[in-house]
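One structure is given below, encoded as structure tokens.
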Amino acid sequence: MADVSLTQIRKIFGSLDVIKGVDLDIKSGEFVVFVGPSGCGKSTLLRMIAGLEDITSGSLKIGGVEMNDVDPSKRGIAMVFQTYALYPHMTVRENMGFALRFAGMAKDEIEKRVSAAAKILELDALMDRKPKALSGGQRQRVAIGRAIVRNPDVFLFDEPLSNLDAELRVHMRVEIARLHKELNATIIYVTHDQVEAMTLADKIVVLRAGKVEQVGAPLKLYDDPDNVFVAGFIGSPKMNFLPAHVISAEGGQISVGLDDQPETQVTLPIAAALKQGDKVTIGLRPEHFLKAGQGDAQLTVTVDVTEHLGHTSYIYAHLKPGEQIIIEHEESRDSRAADKMTVGVSAAQAFLFDSAGQRLR
């Protein structure tokens, strides 16, 4: 295990500034997930840590040692890619031990490491099979096993589950979480799937356009996002954002009214330099809506579609066409399209953002 430290890391391709001064400290044994939309720079940042991309400027340290110009093979890392990249003519045993054989390791030591990794990953019964005889999940476990046998200081995972079907992704999430606890390894994991991030991470790094938007434990980011981007990205279904305006701001409280339903007004205990008429955004998570008559304000919406999931339902509705609101409701089996529905809003569970999308606390 080893800690990883990034100080003002930048990556420039020609005139394109891809990674824009990232500062990040990853503790030894931590499971850190880089998450963000396509093109945000998360895979590029991972490849820079691995040594597969040059660092334009800044400092990368692994275990306290500067790694900017160190060959990838000498960084003490092992990487698991999106594609399994197994040798089709080799057995599971041969695939897992190939890198060690190539490095000239003694045969008995290779067998010891491969057997230990196979036991951890429950591959014992598959060791003499070739990749074509394995399922997608089994192939991914072999790819992970190939990384484990190297005894790296840091494991790097680049969207390893994206090629699997939904059921296998759930299973492999559990397997990877179990593996982290068993190995107590330092893991850096890239995904665009925030459910994977919430499930696996000790710490999530939310990236957008080459910058870190926020770093924190999964529930910390869920409960206390810094801005509209993080609030909307973390959580499924995502947070609802309702345009609003300031009615009054004094005495450490801000009263706001919805632009599309002015009679719906909420007062929040926030001291901010706002004035009457300023544009703001109210954020409400789907599960935070209350039954009609409850809460500090009432919101009346028009139902578009109801998604029944058995234990709960998601109601897709709107205040005005084009502005979708998602409401989680346990008692909505009879709601139909075009129905009017009233729900309660609690000020204690509402988020407030300024006109630039920054959180007001």
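Worth knowing before you read on, the calculation uses all heavy atoms, side chains too, and leaves out hydrogens, waters and symmetry mates. Here the structure is a predicted model, which is why all the values come from computation and not from measurement.
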Is there a chain of hydrophobic side chains (I, L, V, M, F, W, Y, each step under 4.5 Å between heavy atoms) that links V190 to L52? yes
Below 30° counts as parallel, above 60° as perpendicular, anything between as tilted: where do the rings of F351 and F353 land? parallel
Table please: side-chain donor-acceptor pairs of residues 256-266 below 3.5 Å, with sequence neighbours left out.
from, atom 1, to, atom 2, distance (Å)
D259, OD1, H245, ND1, 2.8
Q261, OE1, T264, OG1, 2.8
Q261, OE1, T300, N, 3.1
Q261, NE2, T300, O, 2.8
T264, OG1, Q298, O, 2.8
Q265, NE2, P262, O, 3.4

Report, one line per pair, each donor and acceptor closer than 3.5 Å where one atom sits in a side chain of residues 153-160; sequence neighbours left out.
from, atom 1, to, atom 2, distance (Å)
D158, OD1, S43, OG, 3.0
E159, OE1, H192, ND1, 2.7

Restricting to side chain to side chain contact (heavy atoms under 4.5 Å, CB included), what partner residues turn up for [X], sequence neighbours left out?
X	value
K11	F13, I19, T44, M48, E53, D54, T56
D278	V246, L274, K275
K27	E30
K238	none

Steps toward side-chain contact (heavy atoms from CB on, under 4.5 Å) verdict (L309, E307): CA-CA 6 Å; L309 301 180; E307 185 178 48; 4.1 Å; yes
Ring pair (Phe, Tyr, Trp, His ring centres under 6.0 Å) pairs, two or more places apart, involving residues 30-67: F31-H180, F31-Y189
Qualifying ring pair (Phe, Tyr, Trp, His ring centres under 6.0 Å) pairs with a residue from residues 258-286, counting only residues at least two apart or across chains: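 Matches after skipping sequence neighbours: none remain.
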With the side chain counted from C-beta on, respond yes when E66 and N68 share a heavy-atom pair under 4.5 Å apart, and no when they do not.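 Heavy-atom side-chain distance check passes, below 4.5 Å.
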Min side-chain heavy-atom separation V215-V32 under 4.5 Å: no
Inspect the surroundings of CD in Q276 and state if more than 12 heavy atoms from other residues, nucleotides or ligands are less than 6.0 Å away.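 Result for CD/Q276: open.
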Counting neighbours of CD on E250 that are heavy atoms of other residues, nucleotides or ligands and sit closer than 6.0 Å, is the number greater than 12?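 Incorrect, the count does not exceed 12.
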Checking E323 side chain against K320 main chain: does a donor-acceptor pair fall under 3.5 Å? no
Contacts of type ring pair (Phe, Tyr, Trp, His ring centres under 6.0 Å), residue F229, not counting sequence neighbours: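 Residues passing ring pair (Phe, Tyr, Trp, His ring centres under 6.0 Å) with F229: F233.
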The criterion is ring pair (Phe, Tyr, Trp, His ring centres under 6.0 Å); which residues satisfy it with F81, sequence neighbours excluded?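 Scan of F81 (ring pair (Phe, Tyr, Trp, His ring centres under 6.0 Å), adjacent residues dropped) gives none.
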Pairs satisfying side chain to side chain donor-acceptor pair (under 3.5 Å), at least one member in residues 72-81, at least two apart: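 Residue pairs with at least one partner in residues 72-81: D71-S73.
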For residues 128-137, which side-chain donor-acceptor pairs fall under 3.5 Å, sequence neighbours excluded?
from, atom 1, to, atom 2, distance (Å)
D128, OD1, R93, NH1, 2.7
R129, NH1, A133, O, 3.4
S135, OG, Q138, N, 3.2
S135, OG, Q138, OE1, 3.4

Is R113 salt-bridged to E109, cutoff N-O under 4.0 Å? yes
Lys/Arg N to Asp/Glu carboxylate O, D226 vs R361, below 4.0 Å: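 Looking at D226 and R361, the cut-off is met.
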